[in-house]
Amino acid sequence: MSFTIALHQRAFKFPALIFSCSFHYIRHKSIDPESFYTSLLEKSTQKTHLKQIHNQLYTHGLHENGFIITKFIHVSSNLKETEYARQVFDEFPKPYVFLWNAIIRGYSLYNMLDEVVEMYSRMQHAFVAPDAFTFPYVLKACGGLMAVRIGQAVQAQILRCGFEDDEFLRNGILSLYVKCGGNNRARVVFDGLRNKSVVSWTSIISGYAQNGQPIEALRIFREMRGSDTKPDWITLVSILKAYSDLEDLEQGRCLHSLVIKIGLEYEPDLRIALTSLYAKCGQVMAAKSLFDQMKIQNVILWNAMISGYAKNGYADKALELFHEMISRNIKPDAVTIQSSVLASAHLGSLHQAKSMDNYVNNSEFKNDVYISTALIDMYAKCGSVDLARKVFNQTLDKDVVVWSAMIVGYGLHGQGREAINLFHEMKDAKIRPNDVTFIGLITACSHSGLVDEGWDFFKSMKDYGIEPSQQHYASVVDLLGRAGYLENAYNFIKAMPFEPGVSVWGSLLSACKIYRHVILGEYAADKLFSLDPLNTGHYVQLSNLYASVHMWEGVGKVRVLMQSRGLNKDLGYSMIEINGKLEAFRIGDKSHSRFNEIYEKVEWLENRLLEYGFVVDSESSLHDLDKEDKKMSLCNHSERLAIAYGLISTDPGTTLRITKNLRACVNCHLATKLISKLVNREIVVRDLNRFHHFKDGICSCGDYW
DNA sequence: CTAGGGTTAG
């Protein structure tokens, strides 16, 4: 044996020589051909080696030696030569179970799941009985394909073959049900296990962690810690996911300490899970620091960081990382693209949106329905419902999420009629609406003043078997409230089947602010202050309501309340994109290099507005300023600065696109309407909640926002 | 030669 090995170490330095000699050695030195070719195959690193060996096998009449051919298929598969392996398999006269296992393993290795199932089925037709090594591949393939019916047939076959007590296979079945049979079925299998290994525990825990039951996952983890089985790093990855989903930073940190304590902190994939935990819980700095320490070429690590940035409002950093990834030749996958498109949506820059769309179009993901959905959402959020529609039209096999994204997009832009038309088209296409479809529809109606239509949609939900959620109720309150039916909205809330939450009371308060209904507004605000005490938006809304009816002592009271809770009003800013570059302006901002020109333009606008008879509604909108600032700030609101800058830096007639971090104020809204007319420009403003398209002196929101 | 994990659209 040692002689054979020594021989083969030379073999690939002089492959031609060794191949020509091999027959001689086998025949005359009595070397066992099976060991000989096994060693030779194990040294093979490329297809040409395999071909040479294959030729030798034919020459020496060994091409029907099952042991060698099994090994051959195994090695070919490892070298990613699945097609070649298949060819050799097909040439074998009557393959028996080892050969079948080898070829099935090869497909399994590269996630060619359909092929795994197909070969398993062919094996049955060839009346070859599977053994205990066949089933794990097949079960895994069924799990990956979500093919629970086939999986059950496989399970039946396992019983027929007498493997029902095989612990390995039981864990495989458990994993199958975790992936596609639901947690209850998986639980039955888990409870039936006599010996629960770390793999069994991890499977069931991950099942709950992945199917939206993190609390149950953690409960079973506690149970596990009471058993003899010690969790390993893969178990902890699942637990980290449970904590991330619960956004339980405290427990997540405790687990981080545990990881360090048991010496697993340098396990790369566990560190990735930790990065993801911090990113998801809003601890972007902590995540970035872990990320920087690793910075390995692992797409999941980069995805975790990119999506973390995107979710926590660091759209620019998310996109920066995306570009860095490309420049480092780390291949983005579908998840990377989704997160980056999401970041582009948050950024609000149409220029960036187009460039992202362009990237997708030139990539292998251009027909990925998930990504198309994200693109539709992105264009809608970046102000172009038309481009969103274009992507929508080009999307093949539109599912309910695609349709819903487009409906929500129309809603965002106050195009209620288009949303309704699309809904009818969707029904004609036999796509069943879901809960989000109705949120989109009701919101679209609400933003367009289509009260009856919106109400009918809400009522029709039960016909589709959809239970209205908190969000649906909030949309209806918004629908009724915006149209002035405040009492109806309040009665509607009282009749809700569960406790109204922040979104419901928030909708009512906004409506009360529009219609200056103090009593109801105070009531809603009171609820909000206890449910969501740290959100400054609610305080500002109530303060605005008081100001609109000249209740200055109320304004003062809110200010004191905010101070006592240590809150400051969010500073307003507006961004505008010029030549693909986003620039931000704050109230009274003088830092811009062209600020002289900008202020000149602002003053010019101010004078034109006065000529036009623009009257400042001074009480309702200047809540956040001291009286002496009022006059000054009229022309300094950040939105006005952005418009002025847009006017001096673009050609006449160019659409201006502005993004604000707060709601549009009454004065700015009124002024922007007039400005759109007097400079003959379309001005698109994205505020905190929706889009306003200003054109010819009117706004798409119909003055409801 | 076999079973468990991390990123994920409206």
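To find a chain, count down the sequence lines: A is the first, B the second, and so on, and within it residues start at 1.
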- Kindly state whether the pair A:F133 / B:dC1 counts as stacked, where counting means centroids closer than 5.5 Å and planes tilted less than 30° apart. yes
- Does A:S203 get its side chain close enough to the base of B:dG4, under 3.5 Å, for a donor-acceptor pair? no
- Item | Atom-pair distance (CD on A:Q157; P on B:dT2), nearest Å | 21 Å
- Output yes when A:K288 and A:D292 qualify as a salt bridge under the 4.0 Å nitrogen-oxygen rule, no when they do not. yes
- Within this structure, what is the CZ-to-P distance between A:F163 and B:dT2, rounded to whole angstrom? 16 Å
- Among B:dG6, B:dA9, B:dT8, the one nearest A:V237 by side-chain distance: B:dG6
- Check whether the side chain of A:N303 and the base of B:dG6 form a donor-acceptor pair under 3.5 Å. no
- Message: Counting the atoms with a prime plus P, OP1 and OP2 as sugar-phosphate, which does A:W233 contact under 4.0 Å by heavy atoms, base, sugar-phosphate, or nothing?
- Response: base
- N or O in side chain of A:K140 less than 4.0 angstrom from B:dT2 OP1/OP2: no
- Query: Charged N to carboxylate O below 4.0 Å: is that the case for A:E216 and A:R219?
  - Reply: yes
- Task: Please work out which of the three classes, parallel, tilted or perpendicular, describes the rings of A:Y464 and A:F438, given edges at 30° and 60°.
- Result: tilted
- Query: What is the nucleic acid contact for A:K311, judged by heavy atoms within less than 4.0 Å: base, sugar-phosphate only, or nothing?
  - Reply: sugar-phosphate
- Query: What integer distance in Å separates A:E265:CD from B:dG6:P?
  - Reply: 22 Å
- Query: Can you find a donor-acceptor N/O pair under 3.5 angstrom joining the side chain of A:N434 to the base of B:dG10?
  - Reply: yes
- Task: Test the A:K196-A:F190 pair against the cation-pi criterion, namely NZ or CZ under 6.0 angstrom from the six-membered ring centroid and within 45° of the ring axis.
- Result: yes
- Message: I'd like to know if A:E81 and A:R86 make a salt bridge, using a cut-off of under 4.0 Å between side-chain N and carboxylate O.
- Response: no
- Rounded distance (Å) that lies between atom P of B:dC1 and atom CZ of A:F98: 11 Å
- Find the distance A:K280:NZ to B:dT7:P and express it as a whole number of Å. 4 Å
- Query: Is A:R389 salt-bridged to A:E418, cutoff N-O under 4.0 Å?
  - Reply: no
- Message: Under 4.0 Å from OP1 or OP2 of B:dT8: is there any side-chain N or O of A:S307 that close?
- Response: yes
- Message: Check this one for me: any side-chain N or O of A:K71 less than 4.0 Å away from OP1 or OP2 of B:dC1?
- Response: no
- Item | Ring centroids of A:F168 and B:dT2 base under 5.5 Å with planes under 30° | yes
- Query: Heavy atoms under 4.0 Å, any strand shown: does A:V299 hit a base, just sugar-phosphate, or nothing?
  - Reply: nothing
- Note on the structure: The nucleotide from B:dA9, B:dT8, B:dC1 with an atom nearest the side chain of A:Y137 is B:dC1
- Message: Any base atoms under 4.0 Å from A:K398, or only sugar-phosphate, or nothing? Heavy atoms, all strands.
- Response: nothing
- Message: Please determine whether a side-chain nitrogen or oxygen atom of A:Q210 lies at a distance below 4.0 Å from atom OP1 or OP2 of B:dG6.
- Response: yes
- Note on the structure: Quick note, A:V401 side chain, CB onward, closest among B:dG10, B:dG6, B:dG4 is B:dG10
- Query: Please give, in whole Å, the distance from B:dA9 C1' to A:H346 NE2?
  - Reply: 11 Å
- Query: When the distance from CE of A:M426 to P of B:dG10 is rounded to whole Å, what number comes out?
  - Reply: 16 Å
- Task: Rounded to the nearest angstrom, tell me the gap between atom CD1 in A:I407 and atom P in B:dG10.
- Result: 15 Å
- Message: Categorize A:A334 for me: base, sugar-phosphate, or nothing, with a 4.0 angstrom heavy-atom threshold over every strand shown.
- Response: nothing
- Message: Looking only at the side chain of A:I272 (C-beta and beyond, no hydrogens), which of the listed nucleotides B:dT7, B:dG10, B:dG6 gets closest?
- Response: B:dG6
- Message: What's A:I204 touching, base or sugar-phosphate or nothing? Going by heavy atoms closer than 4.0 Å.
- Response: nothing
- Task: For the pair A:D245 and A:K241, find out whether any cationic side-chain nitrogen is under 4.0 Å from an anionic carboxylate oxygen.
- Result: yes
- Query: NA contact type, A:D368, heavy-atom cut-off 4.0 Å: base, sugar-phosphate, or nothing?
  - Reply: nothing
- Query: Which one, B:dT7, B:dG10, B:dG4, comes nearest to the side chain of A:D377?
  - Reply: B:dG10
- Item | Side chain of A:L342 - closest among B:dT7, B:dG4, B:dA9 | B:dA9
- Of the nucleotides B:dC1, B:dT7, B:dG4, which has the atom closest to the A:S276 side chain? B:dT7
- Message: Side chain of A:S197, heavy atoms from C-beta onward: which of B:dA9, B:dA3, B:dT7 has the nearest atom to it?
- Response: B:dA3
- Would you indicate what A:V436 reaches in the nucleic acid, counting non-hydrogen atoms under 4.0 angstrom: base, sugar-phosphate, or nothing? base
- Task: Could you tell me whether A:N101 contacts a base, only the sugar-phosphate backbone, or nothing, with contacts defined as non-hydrogen atoms closer than 4.0 Å?
- Result: base
- Between A:H74 and A:S77, a side-chain donor and acceptor under 3.5 Å: no
